Participant: 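What follows is a single structure, and I will ask about it in a moment.
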Amino acid sequence: AIVGDGTPERLAGQRVGAQYFRVLGVAPALGRDFTNDDDRANGPRVVILSNGLWRRRFASDRSLVGRTVRLADTDYLVIGVMPATFENVLAPLAELWAPLQYNLVFGEQSREWGHHLRVVARLREDVDLRQARRELDQIAHRPVPEFARVPWASMGNGMLVTSLQADVTRAVRPALLAVLAAVVLLLAIASVNVTNLMLARGAQRRGEFSMRAALGAARQRLVRQVLTESVALALGGGALGMVVAHFGVQAIVALSPPSLPRLGAIRLDGAVFAFGFVLTTLIGVAVGLLPALSMADRDLHSGAQENSPRIAGTHSRTRGLLVVAEVALALVLLVSAGLLFKSISRVFAVPVGFDGSHLLTMQVQEAGRQFQSDSLTDPRVDSARYRLFAEALDVIRRVPGVSAASFTSLVPLSGATDTYGVHFESTVDAADDGAALRYAVTPGYFEAMRIPLRQGRLLDARDGPDAPRAVLINESFARRQFRGGEQALGKRLRFGPTDGDWYTIVGVVGDVKQSSLATEQPDAVYLSPTQWHWVDNAMTLIVRFRSDAAVSTPAIRNAIWSVNKDLPITRVATMRELVDRSVSDRRFTLILFEAFGLSALVLAAIGLFGVLSGSVTERLREIGVRAALGASRLDIVRMVLRRGIALTLAGMGVGLVAAGLGSRVVSSLLFGVSRLDPVTYAAVVAVLGVVSGIACALPALRAARVDPASTLKAM
């Protein structure tokens, strides 16, 4: 927490080793990096600031380096400022860094035990990830005698070793791969559509090419002309596409979920423009190649004796196949969008386990020297922290409009987790009991959240530091642990350290979604902050209002600052906002797939309309003759519709098979919906059928209006 002039602010930071920035290959833009002397026990209080914090809080003051700033009631010397281009992907929210300063001689309860640490290393060029994983696994299973590990800090299960890229992108990788697949499909549809148009144009210009060939133009020259026109068209479209992409990227960034890594790096630059123009050039060549080769395979001189409207039909089979491909690809995109839409509807229908209406959340961080200690468990610090939160809670409950309020160490659907091992007294093997989320809650939490009580009682003022240890567990945990009608009430468990106190289960409460709406509710243990091994230095306030929660935020802030003006308040959000954020990645993917699917539907309709319209133009004389010989308008409409429906059905058949295979790409994003959901497939087929029917009907009606007399005169 940073205090002093202005509003107190809680900053996210990192304790890092002296070589941290050197491993990442970056150095401070101002000042210096950490040294080994900085990272020794009881070393100097030094800090490096992020460029954003330096600009926002200190107005880009270059003289700040070498001066002290007050952090959590302690003066720190600013030794450096990181460059603006530095993105700390290991902790994106971090705005300042200080050295670990761990002691090489420490006890069993010291902070030096590294369960809370992550290691980042740069591999030598002659070492790959598999070799590094093997060596680290040997280190984990071969303790150093000089550093004997306590049982709870052993590394018997080895280390999790992965590349930095895989670690950063793990959460959003499925969504990004699905979006990439959708982009490729849409690009393919657009390319097929342009190819179709080029074929139609080539058929109409065959008379022109035949005349030029008769006048001496070489076949290669005519092919080069077609390719040049195609590339010019592609480059023009690419230039226009880049303009659209500029605004499209801004929209995508605005819609992106917070979990998307390196969001600030998403922009159009020179490399992107170069890639775009190279890609459009290649597409232009590929799109123009089919019409050019088609022309090269035919006798151009014979075309001089024919009129172009009669000749254009020679390409109808190829163009029909391209329309089939368009319809199939469009159906794949629409099925994916439909599955995602149904999935997110199912997600929002999942019970969260609490009433999120009129709920406001905000994290309150202790600040001051009286809360600092070198020990994890300091009774004086714990007592001071609990008094602070209790006094703040007492003031908050007197704010007009507040109906209930409580502090908790963990907020549902906030993205945070806090897990400890559980061992029941009745279980022989502690490994069978697994782990559970820890909720340290003050009295009134369940009333504020409106989490139902299933058995027993709730935690209240009786559960103080000197009272028998009492906990609540969630009902799914109780159901799995105690089967055959066995009651959970009165049973004892050990939570956290294996040599800790025994807790008695005094109640069972309803299940609550913690990490995501789309995952099973984890096991949870609720206890009083005064009965845990320490009192958390930051807790989240839950306030239930009688009306709109968001409008009362200033009153709650002022109430907290009336207790301590230096308390930083962060992560202010209504519970509805937290619920929405928990599905932001799915919503982001759905929006993109809906946009791509709609574009694909329009392109497929345009392609089908173009083929049928061209076919009507090519067969005007045939249609006129049929009408003159007695064919009715209905017969002519049926003739045109028959071909359009045949192309659509063929495309749907291919598309259904492709969608069944391609839906595996989005299967990891689905919830409560099979990737082969028949209702979704049927709905997509119906929508595509209606749109295709409209695209077929317009050329058919045009054919029905052909005047046989005018057509026969033109023959």
Side-chain angles (χ1 to χ4, degrees), residues 1-2 10-58 64-69 71-72 74-106 110-125 127-129 132-133 135-136 139-140 144 147 153 155 159-171 261-265 374:
I2 185 169
R10 181 173 186 253
L11 304 174
Q14 280 181 288
R15 290 277 184 177
V16 298
Q19 304 298 317
Y20 179 73
F21 293 117
R22 295 181 183 88
V23 170
L24 296 180
V26 65
L30 295 176
R32 65 172 178 86
D33 201 346
F34 295 124
T35 64
N36 291 333
D37 286 338
D38 295 326
D39 196 21
R40 57 183 169 80
N42 301 316
R45 301 284 188 179
V46 294
V47 67
I48 294 177
L49 307 182
S50 71
N51 195 274
L53 176 62
W54 175 61
R55 293 180 182 276
R56 185 185 75 250
R57 188 83 186 194
F58 302 102
L64 181 67
V65 176
R67 289 163 38 198
T68 59
V69 294
L71 302 173
T74 302
D75 290 334
Y76 281 77
L77 178 67
V78 178
I79 63 171
V81 176
M82 297 305 294
T85 55
F86 172 60
E87 293 187 54
N88 189 38
V89 294
L90 287 169
L93 299 179
E95 294 189 282
L96 50 84
W97 297 266
L100 285 170
Q101 297 183 344
Y102 277 4
N103 197 332
L104 296 181
V105 180
F106 47 85
S110 299
R111 63 178 181 140
E112 279 76 9
W113 289 109
H115 267 62
H116 57 287
L117 294 177
R118 299 174 67 191
V119 178
V120 56
R122 184 178 295 276
L123 299 181
R124 297 197 312 265
E125 293 183 359
V127 177
D128 60 16
L129 190 61
R133 188 176 287 116
E135 293 182 5
L136 288 171
I139 293 173
V144 180
F147 296 96
M155 292 187 288
M159 299 184 186
L160 298 176
V161 183
T162 185
S163 68
L164 181 60
Q165 182 184 39
D167 185 63
V168 170
T169 61
R170 181 183 296 110
R262 303 196 65 199
L263 195 59
D374 292 332

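Please read these numbers as outputs of a predicted model, since none were measured by experiment. Quick note: numbers below take in every heavy atom, side chains included, and nothing from hydrogens, waters or symmetry partners.
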Participant: Rounded to the nearest 0.5 Å, what's the gap from OG on Ser50 to CD on Glu87? Could you check?
Facilitator: 12.0 Å
Participant: Whether the side chain of Arg122 engages the backbone of Val23 through a donor-acceptor N/O pair (distance < 3.5 Å, no angle test) should be reported.
Facilitator: yes
Participant: Between Pro44 and Gln101, which heavy-atom pair has the shortest distance, and what is it?
Facilitator: O-NE2, 2.7 Å
Participant: According to side chain to side chain donor-acceptor pair (under 3.5 Å), who are the partners of Arg67, at least two apart in sequence or on a separate chain?
Facilitator: Asp61, Ser63
Participant: Taking all non-hydrogen atoms of both residues, which atom of Pro83 and which atom of Ala27 are closest, and how far apart?
Facilitator: CD-O, 3.3 Å
Participant: Arg32: what forms a side chain to side chain donor-acceptor pair (under 3.5 Å) with it, not counting sequence neighbours?
Facilitator: Asp38
Participant: Within this structure, what is the CD-CG distance for the pair Gln19 and Leu24, rounded to the nearest 0.5 Å?
Facilitator: 11.5 Å
Participant: Going by heavy atoms in the side chains, are Leu129 and Val161 under 4.5 Å from each other?
Facilitator: yes
Participant: Could you work out, with side chain to side chain donor-acceptor pair (under 3.5 Å) as the rule, every residue matching Asp37, not counting sequence neighbours?
Facilitator: none
Participant: For the OH atom of Tyr76 and the CG atom of Leu96, what is their distance to the nearest 0.5 Å?
Facilitator: 9.0 Å
Participant: Under the rule for side chain to side chain contact (heavy atoms under 4.5 Å, CB included), what residues qualify as partners of Ala18, not counting sequence neighbours?
Facilitator: Phe34, Asn36, Asp39
Participant: If I take atom CG from residue Leu93 and atom CG from residue Asn88, how far apart are they, to the nearest 0.5 angstrom?
Facilitator: 9.5 Å
Participant: Tell me every residue that passes ring pair (Phe, Tyr, Trp, His ring centres under 6.0 Å) with Phe86, counting only those two or more places apart in sequence or in another chain.
Facilitator: Phe21, Trp97
Participant: Rounded to the nearest 0.5 Å, how far apart are CG of Asp33 and CZ of Arg22?
Facilitator: 4.0 Å
Participant: Just to verify, what does Ser163 make a side chain to side chain donor-acceptor pair (under 3.5 Å) with, not counting sequence neighbours?
Facilitator: none
Participant: Does Trp54 reach the side chain of Leu30, with side-chain heavy atoms less than 4.5 Å apart?
Facilitator: yes
Participant: If you round to the nearest 0.5 Å, how far is CG of Leu100 from CZ of Arg40?
Facilitator: 14.5 Å
Participant: Determine yes or no for a side-chain-to-main-chain donor-acceptor pair under 3.5 angstrom, with Asn51 supplying the side chain and Met82 the backbone.
Facilitator: yes
Participant: Looking at Glu95 and Arg57, does any basic side-chain N land under 4.0 Å from a carboxylate oxygen?
Facilitator: no
Participant: Does the side chain of Leu64 come within less than 4.5 Å of Leu49's, by heavy atoms?
Facilitator: yes
Participant: Which heavy atom of Gly80 sits nearest a heavy atom of Pro28, and at what distance?
Facilitator: CA-CB, 4.4 Å
